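Along the sequence shown, the residues carry numbers beginning at 1. Quick caveat: nothing in here was measured; it's all calculated off a predicted structure.
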Amino acid sequence: METNICIAGFGGQGVMTIGKFLAQAVTDSTDLQTVFFPTYGAEQRGGTANCFVVISDEEIGTPKSDLMDDMIILNNPSLNKFIDSLKPGGNLFINETIVTDEIKRTDINVIKVPGTQLALDLGNTKVLNVIMLGAYIGYTEVFPVDVMWSTIEHKLGKKVELLPLNKEAFEKGLEYGRKNK
């Protein structure tokens, strides 16, 4: 079993944080192998920030595959850049609040999450990434919910005041993921 995940959006949307949370959850709670592969460069100046996470029950030979099993896409430029690398039958999680380009592929599962709108409703756009991660976990069940939340809680542990808002954001995402199965 090997799962290749691409996470992409604008710099500042928490793309790298989603990838780190996923990789950390694997490391802390399973005997699976994982690789977190961030890409930096021009992306830091307003382009698409992206990272890749590979989860496998065998040794991982390369940190990035040409074809992804799952994608979490937070903006239109990222959709256009990566959509062709999603495997047929793959899962595409989009932040439908701002991803407005038409998705022409009919051979993939599209899970629409109004991530930015939900974050605005919660009063802080910085929780967009936790909402999208929740949707991913709720839909794929790649990890038990308590394992993923424990990782988020641990990583945000120094900012205790942010935990209630992030917990609510994670639960909103889970709800969208589960209802779109």
Side-chain ion pair, E153 and K167, N-O less than 4.0 Å: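 Looking at E153 and K167, the cut-off is not met.
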
Could E175 and K179 be called an ion pair, given the rule that one side-chain N must be under 4.0 Å from one carboxylate O?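 Looking at E175 and K179, the cut-off is not met.
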
Which pair of heavy atoms, one from [X] and one from [Y], lies closest together, and at what distance?
X    : Y    : answer
K181 : Y139 : CE-O, 3.2 Å
N50  : A8   : CB-CB, 3.8 Å
T116 : L128 : N-CD1, 3.6 Å
T100 : N76  : N-OD1, 3.0 Å
I103 : I108 : CG2-CD1, 4.2 Å

Looking only at atom types and distance, does a side-chain atom of [X] sit under 3.5 Å from a main-chain N or O of [Y], one as donor and one as acceptor?
X    : Y    : value
T151 : V147 : yes
N129 : Q13  : no
S78  : L74  : no
S85  : M68  : no

So, N166 versus E168: side-chain donor-acceptor pair below 3.5 Å or not?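 On atom types as modelled, these side chains do not qualify, holding no pair under 3.5 Å.
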
Without hydrogens or angle criteria, can the side chains of N95 and N75 be said to hold a donor-acceptor pair below 3.5 Å?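 Looking only at side-chain atoms, N75 and N95 do not form any donor-acceptor pair under 3.5 Å.
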
Applying the side chain to side chain contact (heavy atoms under 4.5 Å, CB included) criterion to P114, which one of I94, T97, D121 satisfies it?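 That would be T97.
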
Evaluation steps, side chain to side chain contact (heavy atoms under 4.5 Å, CB included), between I83 and R105: CA-CA 9 Å; I83 187 72; R105 288 189 59 183; 3.9 Å; yes

Quick one: sort the F37 and F52 rings into parallel, tilted or perpendicular, breaks at 30° and 60°.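 Tilted: the ring planes of F37 and F52 meet at 30° to 60°.
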
Mind checking what makes side-chain hydrogen bond (donor to acceptor under 3.5 Å, both in side chains) contact with N91, not counting sequence neighbours?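 With neighbours one apart ignored, the set is D70, N109.
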
So, taking the atom named CE in M148 and the one named OH in Y136, what distance separates them when rounded to the nearest 0.5 Å?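 If we round to the nearest 0.5 Å, M148:CE and Y136:OH are 10.5 Å apart.
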
